[in-house]
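It should be emphasised that the depicted structure is a prediction, and the values quoted were computed from it without experimental measurement.
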Amino acid sequence: MLTLEKMRKIRVIVPRDNLKEAVKALYDFGAIQVQECKTAQLDTPLADFQDVSEMLIRLRAEERQFNLLGSVKARDAPMEDMRQRLLALDFEALDEKRRELSQLESQISQLGEAKERLLPFRNLNVDISKLKSARLNMLYFELKHAAERNLTDGLKKIPSELLFVEDGRRKFALLAYDSRHQERAMPVAQKAAAAFFEIPAAERGFSQEISIIDGEISGLVAKSQQLKKWLEDYKERNGQEILRLKESLKIASLKSELPFKFGRTDYFSVAEGWIEDANFDAFCFRVSGMESALVESVRTSEVPPSKLKNPKLIRPFQFMIEFFSLPKSYELDPTLFIAITYPIFFGMIMGDIGYGMLSLFIALGIKLKTKSEALQRLGGMLALSAVSSIFFGLVFAEFFGLEHIFGMEMHPLIHRSRDVTELMNIAILVGVMHLALGYIISIATNAMHGHKKHAFGKLGWLLIEISLVASVVGSVEISLLGIFKPLSAIYPMPFAGIGLLAGIILVAVMEGPTHLMELPSLLANILSYLRIAALGLSGVIIAMIINQLPVDFDGFFAMITLARPFDAGAFLAFIFFASIFILGHIGALVIAIVESGIQSLRLHYVEFFSKFYEGGGLPFVPLRKMEKG
């Protein structure tokens with residue numbers, strides 16, 4: 001908490017003959033981040049790297065092919081055992097069945113296309129083969145709407161025979177004409193035709209050919225269904241084993257390619273990486289079991305990877321740090337401060353007992369029903385923020401925008417819809433304190449690491465902030481800053497003016513005169529906290545508007561308890577307005593959660609972090625995640 005896990009860079013030197021044993025030792029230890037060795041030529045992977053890669057590629061392909069879902073626990077396994085498990089999956093039989101299925105589907109597709117070509121001719125009961133002649137041309141086409149008469153009239157002076165064929169709402173025409181009149185017959189047919197069809201060969205007649213194709217398709221479909229059933233059974237039998245074996249092979253792949261990061265000489269392999277300082281003795285003990293292995297600490301100017309360490313209660317708020325940027329090893333971890341101030345801001349904005357309780361139920365539902373680590377963290381953040389909202393709901397005496405809970409009157413310490421100036425004063429006070437905390441953290445961090453110049457520069461900004469507020473309050477009557485009146489008594493003019501000047505000089509000397517251009521942004525940062533009051537007030541107004549809907553709860557309960565006669569109009573009016581009432585409060589809750597969350601986040605990322613936080617740390621990525629417990 002506040003500081004990161006202390007990391008130590010280590011180097012492991014082993015004989016090249018013991019390379020496989022060294023990889024196993026590093027993986028079994030797990031809590032080490034191996035990095036590419038920069039002091040020697042890089043090594044080559046283990047001998048089974050190629051086999052592992054090919055097996056893993058095949059299993060991942062099967063996972064996608066079968067759309068296998070769910071997760072299984074990764075377990076290390078001997079290479080020979082994994083080979084036997086892969087053979088037991090019998091991928092040769094699987095591939096053969098898939099080839100058969102592919103051939104069947106191809107045949108079904110081809111037969112379907114052949115059937116499509118024959119369908120327009122299914123009601124044509126003419127043996128086309130007997131009509132074929134060198135001097136006779138034939139056309140078969142679908143007629144346009146009401147084109148029969150024009151077609152008949154156009155063919156009167158052309159030697160031809162015309163046969164109309166009906167197929168439901170569609171009408172076709174078979175036209176046979178003397179080939180010597182091609183130039184006269186073709187334009188007439190084109191005017192009447194919606195589409196022309198090439199006349200296919202059909203030895204048994206068109207309808208009979210279609211029946212034969214349907215029979216062949218039915219047989220092939222039955223075979224394909226059998227193959228699909230076989231594949232489904234295969235998935236049911238082996239799906240989980242494919243996932244388990246894939247996870248085991250991922251471990252084998254990690255181990256087999258790990259030497260890519262090792263350095264090598266003619267006789268030795270060298271591994272370098274980072275471990276937690278507290279684990280150094282355990283690591284040495286684990287590696288000491290190898291013959292001729294040497295472990296040493298490495299003094300380096302490199303910035304170590306970052307690993308946060310926080311109690312379970314505030315650990316969900318690490319999500320905000322990881323999402324933004326991890327601190328570097330020499331920075332303070334701001335998770336604790338965020339775990340305190342974020343729920344406060346959230347609660348001040350939402351500030352309603354009813355909405356806070358619903359938010360708490362949502363948070364507990366997320367915690368209990370989801371397994372995603374990210375959702376678990378969001379649920380934890382929302383739970384603490386919801387408790388804060390309930391607390392501020394008591395302060396503001398608000399329950400879904402009402403000032404009573406089931407008829408029991410509440411008395412607000414601050415009435416948000418009436419005490420607007422006081423609410424804005426509190427928001428400004430919170431902003432000044434929050435920014436001052438940021439400056440204090442920066443002063444402490446820089447002082448701890450001997451960066452005196454930067455520490456004095458941030459001290460200058462802290463002086464400017466406090467002195468600026470005291471100077472304004474002591475010189476001008478501003479209702480927005482009324483809450484700071486006591487400060488002007490403790491820190492009056494001209495002392496506040498002297499402090500302001502001293503702060504400006506400190507910043508100019510320690511950080512440079514150009515940094516004084518940030519003075520307007522300091523004022524903007526302070527005023528930015530007014531959003532706490534503004535958003536809270538807008539939430540109250542929305543709830544009040546919803547509560548003004550004419551929902552007659554008393555009349556409804558009187559009707560259902562038969563205390564008054566049933567009135568259909570009053571009942572329907574209640575259902576209508578009650579639906580809008582409920583949906584309105586659901587919408588208000590969603591807006592409250594989203595706005596409270598996003599705006600509280602913004603005040604930390606933009607205003608608070610800008611005063612002290614550098615970030616840019618790289619995460620500590622161990623070889624494997626250690627099992628809890």
Side-chain angles (χ1 to χ4, degrees), residues 1-9 30-35 71 74 254 273-279 302-346 359 362-364 366-367 369-388 434 437-438 441-442 444-445 449 593-628:
M1 192 162 61
L2 292 184
T3 58
L4 307 183
E5 286 282 5
K6 188 178 179 182
M7 310 300 292
R8 179 186 295 210
K9 188 172 184 181
I32 176 173
Q33 177 176 316
V34 179
Q35 68 178 38
S71 59
L254 173 65
W274 295 91
I275 62 172
E276 296 171 38
D277 190 67
N279 290 337
E302 296 177 47
V303 177
S306 301
K307 183 179 181 183
L308 306 178
K309 55 172 183 177
N310 289 291
K312 187 175 182 180
L313 181 64
I314 68 172
R315 208 171 291 156
F317 292 91
Q318 288 182 181
F319 173 79
M320 291 176 61
I321 306 298
E322 293 164 352
F323 180 77
F324 184 77
S325 179
L326 285 171
K328 289 182 178 175
S329 58
Y330 51 79
E331 291 187 273
L332 287 179
D333 174 10
T335 304
L336 174 63
F337 305 112
I338 293 175
I340 296 170
T341 55
Y342 182 90
I344 290 174
F345 295 169
F346 190 103
S359 300
I362 293 170
L364 293 176
I366 292 171
K367 293 286 287 180
K369 296 296 183 181
T370 62
K371 295 181 179 179
S372 165
E373 186 176 351
L375 287 176
Q376 285 285 315
R377 290 185 174 188
L378 286 174
M381 289 172 59
L382 182 58
L384 291 176
S385 301
V387 171
S388 174
H434 200 221
L437 176 62
I441 294 171
S442 183
T445 304
H449 293 283
I593 292 174
V594 172
E595 285 295 334
S596 302
I598 291 176
Q599 296 304 328
S600 299
L601 199 64
R602 183 202 182 281
L603 289 173
H604 285 85
Y605 283 170
V606 179
E607 276 73 27
F608 186 53
F609 278 10
S610 66
K611 303 301 174 263
F612 71 96
Y613 196 65
E614 180 183 344
L618 298 175
F620 175 66
V621 185
L623 280 179
R624 63 188 178 93
K625 188 177 287 188
M626 305 304 292
E627 295 181 12
K628 296 179 181 179

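Separating the CG atom in L4 from the NZ atom in K307 is a distance of 11.5 Å, to the nearest 0.5 Å. Atom CG of residue N310 and atom CG of residue L336 lie 7.5 Å apart, to the nearest 0.5 angstrom.
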Kindly determine whether M7 and E276 satisfy side-chain contact (heavy atoms from CB on, under 4.5 Å), including the steps that lead there. CA-CA 4 Å; M7 310 300 292; E276 296 171 38; 4.1 Å; yes
Can you list the steps and then say if F609 with I321 is a side-chain contact (heavy atoms from CB on, under 4.5 Å)? CA-CA 10 Å; F609 278 10; I321 306 298; 3.8 Å; yes
Apply side-chain contact (heavy atoms from CB on, under 4.5 Å) to W274 and Q35, showing your working. CA-CA 8 Å; W274 295 91; Q35 68 178 38; 2.9 Å; yes
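Applying ring-ring contact (aromatic ring centres under 6.0 Å, His included) to F324 and the options F319, F317, F608, Y605 leaves one that passes, Y605.
Closest approach of A383 and A363 over heavy atoms only: N-CB, 3.5 Å. Summarising the geometry of T3 relative to L332, their closest heavy-atom pair is CG2-CD2, 4.3 Å, with the distance given to 0.1 Å. The shortest heavy-atom contact between F612 and G438 is CB-O, 3.2 Å. S306 and S329 get closest at one heavy-atom pair: OG-N, 4.1 Å. When all heavy atoms of T335 and D333 are compared, the closest pair comes out as OG1-OD1, 2.6 Å. Shown here for L384 and L313, the closest heavy-atom pair between the two residues is CD1-O, 3.8 Å.
Checking side-chain atoms of Y342 against main-chain N and O of H604 turns up no donor-acceptor pair under 3.5 Å. Under the 3.5 Å distance criterion, the side-chain polar atoms of Q33 are left unmatched by any main-chain donor or acceptor of P622. Without hydrogens or angle criteria, S610 side chain to E607 main chain gives a donor-acceptor distance under 3.5 Å. Looking at S325, its side chain never comes within 3.5 Å of a backbone N or O of G615 through a donor-acceptor pair.
E614 meets the side-chain contact (heavy atoms from CB on, under 4.5 Å) test with K328, Y330, E331; sequence neighbours excluded.
Here the side chains of L382 and F346 are in contact, with some heavy-atom distance below 4.5 Å.
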